[in-house]
Novice: 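Have a look at the structure that comes next, please.
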Amino acid sequence: MKIQRPEQELTWSWGRRPRSALDRVKAMAPPPPPPLTPSTPLLHGEFGSYPARGPRFALTLTPQALHIQRLRPKPEARPRGGLVLLAEVSGCCTLRSRSPSDSAAYFCIYTYPRGRRGGRRRAARTFRADGAATYEENRAEAQRWATALTCLLRGLPLPGDGEITPDLLPRPPRLLLLVNPFGGRGLAWQWCKNHVLPMISEAGLSFNLIQTERHNHARELVQGLSLSEWDGIVTVSGDGLLYEVLNGLLERPDWEEAVKTPVGILPCGSGNALAGAVNQHGGFEPALGIDLLLNCSLLLCRGGSHPLDLLSVTLASGSRCFSFLSVAWGFVSDVDIQSERFRALGSARFTLGTVLGLATLHTYRGRLSYLPAMVEPASPAPAHGLPRAKSELTLAPGPAPPVAHSPLHRSVSDLPLPLPQPALTSPGSPEPLPILSLNGGGPELAGDWGGAGDAPLSPDPLLPSPPGSPKAAQLSPITEGASEMPAPSGLPAPTPVARVAISAGGPPDHLLPPLGTPLPPGWVTMEGDFVLILAISPSHLGADLVAAPHARFDDGLVHLCWVRGGISRAALLRLFLAMERGSHFSLGCPQLGYAAARAFRLEPLTPRGVLTVDGEQVEYGPLQAQVHPGLGTLLTGPSGCPGREP
């Protein structure tokens with residue numbers, strides 16, 4: 001039986017997510033106009049700068065970039081910052097002067113370009129629309145540019161010959177942010193406050209934020225949500241919080257619709273494997289830490305989603321849970337669980353855990369059976385093919401492509417609860433600016449204001465809140481409690497949980513016989529001593545570990561990797577070092593094996609060991625799993641390779 005692969009990615013622009021089958025068909029239909037070339041000029045015009053005594057610029061907007069050329073006082077021979085890639089833009093807004101005599105309108109864009117050392121730094125550019133005699137005309141011009149840029153950022157079509165007005169924009173998307181303050185080194189809330197919230201407010205996204213307080217808190221929250229009020233659920237943590245969210249959605253009575261709720265991840269944990277795959281899908285260079293967070297935040301601001309394969313895992317007790325990442329046994333799961341005591345080190349815990357694991361390297365006797373995928377690998381096999389073992393089918397992958405608790409304890413909303421900011425003042429201006437709420441249309445602009453005598457700018461939102469948009473008094477019950485800001489420090493360390501909670505809903509596993517019964521014909525079985533067995537769905541095992549370089553979010557496959565006993569410590573270390581580049585399959589290691597499968601069964605024959613699902617320890621014993629293609633929906637942003645225009 002051949003797996004049917006979708007011809008096109010399922011993507012949707014920010015706005016109401018599809019609710020019916022007809023809506024989904026319309027959402028998948030390609031837009032009627034032909035795609036624009038990357039260098040097609042869409043808008044061109046002359047703008048002043050802020051302050052008014054600064055230079056004047058010629059701006060040209062194309063589908064991929066904003067070109068800036070200085071006109072006066074004199075053109076630059078080598079313009080600096082003359083090309084602003086839209087892949088590095090979080091959003092824009094229009095502003096107006098608080099001086100009654102100023103008839104100009106202002107247009108500001110927020111960018112995160114890479115510096116010389118590779119890290120991203122926030123920069124804002126403010127331009128003055130002053131070509132007309134009245135403020136209303138200048139405002140219309142500034143809004144035309146802001147609308148066009150916002151449409152490009154969110155993947156919305158621009159009218160071919162029609163007028164570009166703010167009416168083209170849908171209501172602001174509404175996100176539920178779930179933050180685990182214990183994620184990684186305990187910096188998740190600080191990173192969220194300093195980096196994530198400013199960026200998504202610059203993009204004009206509306207949000208509510210909840211800080212989770214215990215294990216499975218997110219799971220409980222999503223089970224009681226009114227999902228129609230949200231365009232997406234985004235976790236600000238490591239991979240574990242998203243595991244809770246997906247399994248919580250699948251436990252709802254309406255799981256078939258609930259699991260299609262778009263989910264996203266902003267990496268503030270230790271491993272950040274799915275974020276690494278999202279980063280690669282978006283075309284960014286590999287990144288860690290703050291840089292990876294900023295990359296994924298930029299992609300989130302752009303909107304767009306992708307089908308996500310989920311793996312249903314049946315454990316020895318007969319209970320089931322769902323995985324978006326991996327099932328591991330042996331070296332990988334040992335390192336993952338044993339390094340928990342080093343969580344304060346962040347991602348370095350895995351490095352230390354790997355060193356300790358190599359020093360006490362174990363082998364495990366087991367049996368692995370799988371149903372091979374009846375498709376060829378996504379890429380041609382590398383020159384050094386993997387060896388074929390007796391009773392094994394080995395397909396070498398190609399190289400990497402260029403409960404009784406109250407549901408709410410702490411929440412932050414962008415609408416009624418602006419985050420505390422210092423009063424913003426223009427240098428030399430006697431009148432301080434008001435505190436700006438995060439979704440007020442004008443994030444902090446202190447670095448863009450001019451010198452003494454320049455009137456400060458006020459936010460000038462593109463659109464008022466349309467009818468039907470959520471109001472502060474009409475939010476779902478999760479926001480009805482007393483709100484408090486998360487504690488800045490002194491948070492207690494989380495209590496380790498030995499077993500994951502189990503999901504009772506979800507689709508049936510039609511490819512799997514009951515655990516413990518014989519397998520049907522067509523399955524491949526191998527038995528022996530293994531150092532590790534890994535079943536992975538996306539490409540990344542960690543932010544900097546590309547375990548299945550050719551994997552896609554919706555390829556309908558589980559990628560099985562194993563290392564047999566007899567490998568030296570040095571050779572195993574070389575494999576993991578090469579995995580940082582996704583080149584471990586080209587090393588020609590005879591103990592390394594790979595197969596693409598649709599289902600598998602793992603039977604440990606060693607009495608003691610550790611099994612993990614998405615990095616969470618589960619009961620030890622035989623298990624089996626099946627891929628459910630495209631069961632979930634992942635917020636990925638646009639795919640591609642950000643770069644300079646040709």
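Note that these values count all heavy atoms, side chains included, but never hydrogens, waters or copies made by symmetry.
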Novice: Supply the atom-to-atom distance Phe207 CZ to Leu197 CG, rounded to the nearest 0.5 angstrom.
Specialist: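 Those atoms lie 4.5 Å apart.
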Novice: Whether the side chain of Asp309 engages the backbone of Asp555 through a donor-acceptor N/O pair (distance < 3.5 Å, no angle test) should be reported.
Specialist: yes
Novice: Short question: side chain of Arg252, backbone of Val222 - any donor-acceptor pair under 3.5 Å?
Specialist: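 Flag set: sc Arg252 to bb Val222 pair under 3.5 Å.
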Novice: Salt-bridge test for Lys260 and Asp254: reply yes if a basic N is under 4.0 Å from a carboxylate O, no otherwise.
Specialist: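 No.
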Novice: Would Ser312 and His628 count as a side chain to side chain donor-acceptor pair (under 3.5 Å) if you check the C-alpha gap in whole Å, the side-chain angles of each, and the deciding distance to 0.1 Å?
Specialist: CA-CA 7 Å; Ser312 66; His628 292 276; 3.2 Å; yes
Novice: With sequence neighbours excluded, what pairs up with Pro286 under the side chain to side chain contact (heavy atoms under 4.5 Å, CB included) test?
Specialist: none
Novice: Is there a donor-acceptor pair under 3.5 Å between the side chain of Glu619 and the backbone N or O of Ser317?
Specialist: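 Checked: pair present.
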Novice: Could you list all the side-chain hydrogen bond (donor to acceptor under 3.5 Å, both in side chains) pairs where at least one residue sits in residues 604-615, not counting sequence neighbours?
Specialist: Ser323-Asp614
Novice: Less than 4.5 Å apart, any side-chain heavy atom of Thr633 and any of Thr261?
Specialist: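 Thr633 does not reach Thr261 side chain to side chain.
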Novice: Show your working on ring pair (Phe, Tyr, Trp, His ring centres under 6.0 Å) between His362 and Phe530 and close with a plain yes or no.
Specialist: CA-CA 9 Å; His362 298 287; Phe530 298 91; over 10 Å; no
Novice: Within the structure provided, determine whether Leu209 and Leu178 are in side-chain contact (heavy-atom separation under 4.5 Å).
Specialist: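 No, every pair of side-chain atoms sits at 4.5 Å or beyond.
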Novice: Do His217 side-chain atoms and Glu213 backbone N/O form a donor-acceptor pair below 3.5 Å?
Specialist: yes
Novice: Could you tell me if the side chain of Trp255 sits less than 4.5 Å from the side chain of Leu249, heavy atoms only?
Specialist: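 The answer is no; the side chains never approach within 4.5 Å.
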Novice: Decide yes or no for Trp191 and Leu293: does some side-chain heavy atom of the first lie under 4.5 Å from some side-chain heavy atom of the second?
Specialist: yes
Novice: Once side chain to side chain donor-acceptor pair (under 3.5 Å) is applied, do any residues pair with Ser90, and if so which ones, sequence neighbours excluded?
Specialist: Glu202
Novice: How far apart are the closest heavy atoms of Tyr243 and Phe322, and which atoms are they?
Specialist: CE1-O, 3.2 Å
Novice: Does the salt bridge (Lys or Arg N to Asp or Glu O under 4.0 Å) test come out yes or no for Glu527 and Arg365, once each step is laid out?
Specialist: CA-CA 8 Å; Glu527 181 177 328; Arg365 188 79 180 173; 3.8 Å; yes
Novice: Tell me the closest heavy-atom pair linking Gly556 and Arg598, and the distance in Å.
Specialist: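 Closest approach of Gly556 to Arg598: O-CG, 4.5 Å.
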Novice: So, does Asp231 use its side chain to make a donor-acceptor pair with the main chain of Pro173 at under 3.5 Å?
Specialist: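 A pair under 3.5 Å: no.
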Novice: Applying salt bridge (charged side-chain N to carboxylate O under 4.0 Å, His left out), can you list everything that pairs with Arg601, at least two apart in sequence or on another chain?
Specialist: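 Once residues adjacent in sequence are excluded, Arg601 has no partner under the salt bridge (charged side-chain N to carboxylate O under 4.0 Å, His left out) criterion.
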Novice: Thr636 versus Phe553: any side-chain heavy-atom pair under 4.5 Å?
Specialist: yes
Novice: Is there a side-chain contact between Ser237 and Val179, using heavy atoms and a 4.5 Å cut-off?
Specialist: no
Novice: Looking only at non-hydrogen atoms, find the nearest pair between Val613 and Cys321 and report the distance.
Specialist: CG1-SG, 4.1 Å
Novice: Can you name the nearest heavy-atom pair linking Tyr364 to Val531, along with the distance?
Specialist: CD1-O, 4.3 Å
Novice: Test side chain to side chain donor-acceptor pair (under 3.5 Å) on His510 and Gln626 and set out the steps.
Specialist: CA-CA 9 Å; His510 64 282; Gln626 171 184 329; 3.2 Å; yes
Novice: Scan for salt bridge (charged side-chain N to carboxylate O under 4.0 Å, His left out) pairs involving residues 507-518, sequence neighbours excluded, and state none if there are none.
Specialist: Arg320-Asp509
Novice: Check whether Glu244 reaches the backbone of Asn216 with its side chain - one donor and one acceptor, N or O, closer than 3.5 Å.
Specialist: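 Present.
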Novice: My understanding is that only residues two or more places apart in sequence, or in another chain, count here; which of them pass side chain to side chain contact (heavy atoms under 4.5 Å, CB included) with Pro253?
Specialist: none
Novice: Excluding sequence neighbours, so at least two apart, what forms side chain to side chain donor-acceptor pair (under 3.5 Å) with Asn279?
Specialist: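 By the side chain to side chain donor-acceptor pair (under 3.5 Å) rule, Asn279 matches Asn295.
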Novice: So, the side chain of Thr517 versus the backbone of Pro513: is there a donor-acceptor pair under 3.5 Å, distance only?
Specialist: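 Such a contact is absent between Thr517 side chain and Pro513 backbone.
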Novice: When rounded to the nearest 0.5 angstrom, what distance separates CD in Gln223 from CG in Leu250?
Specialist: 10.5 Å
Novice: Just to verify, what does Ser326 make a side chain to side chain contact (heavy atoms under 4.5 Å, CB included) with, not counting sequence neighbours?
Specialist: Leu534, Ile536, Leu541
Novice: For residues Pro538 and Phe324, report the shortest heavy-atom separation together with the two atoms involved.
Specialist: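 For Pro538 versus Phe324, the nearest heavy atoms are CD-O, 3.4 Å.
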Novice: Begin from the C-alpha positions of Phe576 and Phe331 and carry the test ring pair (Phe, Tyr, Trp, His ring centres under 6.0 Å) through to its verdict.
Specialist: CA-CA 11 Å; Phe576 278 92; Phe331 185 81; 5.5 Å; yes
Novice: Give a yes or no on whether the backbone of Ala203 and the side-chain of Arg154 come within a donor-acceptor separation of less than 3.5 Å.
Specialist: yes
Novice: Hey, are the side chains of Asp554 and Leu634 touching, using non-hydrogen atoms and a 4.5 Å cut-off?
Specialist: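 Answer no - side chains too far apart.
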Novice: Show the nearest heavy-atom pair for residues Val259 and Leu310, with the distance to one decimal.
Specialist: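 Taking every non-hydrogen atom into account, CG2-CD1, 4.0 Å.
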Novice: In this structure, which one of Asn247, Val245, Leu241, Thr212 forms a side-chain contact (heavy atoms from CB on, under 4.5 Å) with Arg219?
Specialist: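 So, applying the side-chain contact (heavy atoms from CB on, under 4.5 Å) to Arg219 and each of Asn247, Val245, Leu241, Thr212, only Asn247 qualifies.
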Novice: Does the side chain of Ile200 reach to within under 4.5 Å of the side chain of Ser297, using non-hydrogen atoms?
Specialist: no
Novice: Check for a donor-acceptor pair, side chain of Asn272 on one end and backbone N or O of Gly269 on the other, with a separation under 3.5 Å.
Specialist: yes
Novice: Within the side chain of His584, is there an N or O that forms a donor-acceptor pair under 3.5 Å with the backbone of Ala547?
Specialist: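 Here the side-chain-to-backbone pair exists.
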Novice: Output all residues satisfying side chain to side chain contact (heavy atoms under 4.5 Å, CB included) with Ala535, sequence neighbours left out; order by chain, then residue number.
Specialist: Val327, Val558, Leu560, Phe600
